[in-house]
Amino acid sequence: MLSTSSTCNCVISFPKMASDYKGKAIVLMGVSGAGKSTIGEMLGRAVHGRFLDADDYHSESNKEKMKNGIPLSEEDRVPWLEALRNTLRRGLGDKETLVLACSALKKRYREILRSADPNYEPGSYASIVKFVLLDVGAEMLAARLVKRAAEGKHFMPAKLLQTQLDLLQIDEAEGILKVDATMDPDTILKTIQTYVI
């Protein structure tokens with residue numbers, strides 16, 4: 001289970017950017033129900049950037065699997081992540097500021113997204129694609145997912161939450177900003193802007 005603290009557990013120094021691209025990409029990551037889409041839309045507006053929701057890039061077969069409580073396989077996830085990487089790369093090439101809401105639970109998945117920076121050297125973590133983990137305890141996540149499902153707002157059922165929590169892996173060397181996502185949205189937004197923008 002993820003730990004949740006009342007303060008921001010922040011990693012302030014990010015790896016040096018290794019690209020000539022003038023664009024910027026911020027990935028709001030975490031398990032389903034962490035608030036990625038809500039905060040992502042707010043952050044996109046705040047930075048005058050383009051908000052992308054990774055859920056919009058899932059194939060219909062992926063959505064159907066999740067809706068039926070079937071966890072996605074690596075074969076399901078990789079093409080989805082590659083499509084997201086390609087979208088980020090195009091936006092960065094156009095010097096856009098992009099905000100992506102994406103679970104990005106495994107380091108391997110984040111490496112695919114980091115490679116949207118064409119100058120990225122795998123394993124260096126020095127990319128213009130930055131990550132922010134929205135951290136919420138399992139009980140609150142489950143409550144949010146049940147509420148969202150009851151409102152018909154998402155295809156992800158609460159019973160897949162533990163699968164996502166089990167997949168989540170963070171390496172401290174990655175320099176990922178971890179934010180307590182139980183705070184009010186404006187505070188979360190200000191925290192991200194302080195340390196990442």
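Starting from 1, each residue takes its place in the sequence as its number.
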For this session: Go through the steps to decide whether Glu174 and Arg114 satisfy the test salt bridge (charged side-chain N to carboxylate O under 4.0 Å, His left out), and finish with yes or no.
Result: CA-CA 11 Å; Glu174 292 181 79; Arg114 284 185 184 102; 2.8 Å; yes
Exercise. Going through the checks in order, is the salt bridge (charged side-chain N to carboxylate O under 4.0 Å, His left out) test met by Glu74 and Lys106?
Worked result: CA-CA 11 Å; Glu74 293 296 292; Lys106 286 186 174 183; 3.7 Å; yes
For this session: Run the numbers on Glu111 and Tyr120 for side-chain hydrogen bond (donor to acceptor under 3.5 Å, both in side chains), then give the verdict.
Result: CA-CA 9 Å; Glu111 284 291 88; Tyr120 180 64; 2.5 Å; yes
For this session: Determine, step by step, whether Lys190 and Asp184 satisfy the side-chain contact (heavy atoms from CB on, under 4.5 Å) criterion, reporting the C-alpha distance in whole Å, the side-chain angles of both residues, the deciding distance to 0.1 Å, and the verdict.
Result: CA-CA 10 Å; Lys190 285 175 188 169; Asp184 70 89; over 6 Å; no
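Annotation: side chain of Cys102 is not in contact with side chain of Leu28 (no heavy-atom distance under 4.5 Å). Residues Thr191 and Met183 form a side-chain contact, since some pair of their non-hydrogen atoms from C-beta on lies under 4.5 Å apart. Put simply, the side chain of Val99 does not reach to within 4.5 Å of the side chain of Ile39, judged on heavy atoms. The side-chain heavy atoms of Lys24 and Ile26, taken from C-beta on, include a pair separated by under 4.5 Å. Side-chain atoms of Leu52 and Tyr57, non-hydrogen and from C-beta on, do get closer than 4.5 Å to each other.
We find that Glu41 and Lys36 are not joined by a salt bridge, their nearest charged nitrogen and carboxylate oxygen being 4.0 Å or further apart. Residues Lys178 and Glu172 are not paired through a salt bridge, judged by the lack of any N-O separation under 4.0 Å between the basic side chain and the carboxylate.
If you take CG on Leu43 and CD on Gln193, they are separated by 6.5 Å, rounding to the nearest 0.5 Å. Annotation: the span from Lys63 atom NZ to Asn68 atom CG amounts to 14.0 Å, rounded to 0.5 Å.
With Arg110 contributing its side chain and Met29 its backbone, the two residues share no donor-acceptor pair below 3.5 Å. In this structure, the side chain of Asn62 engages the main chain of Asp76 through a donor-acceptor pair within 3.5 Å.
Heavy atoms of other residues, nucleotides or ligands lying less than 6.0 angstrom from CD of Glu121 number 12 at most.
Across all their heavy atoms, Leu88 and Leu98 have their closest contact at O-CD1, 3.6 Å.
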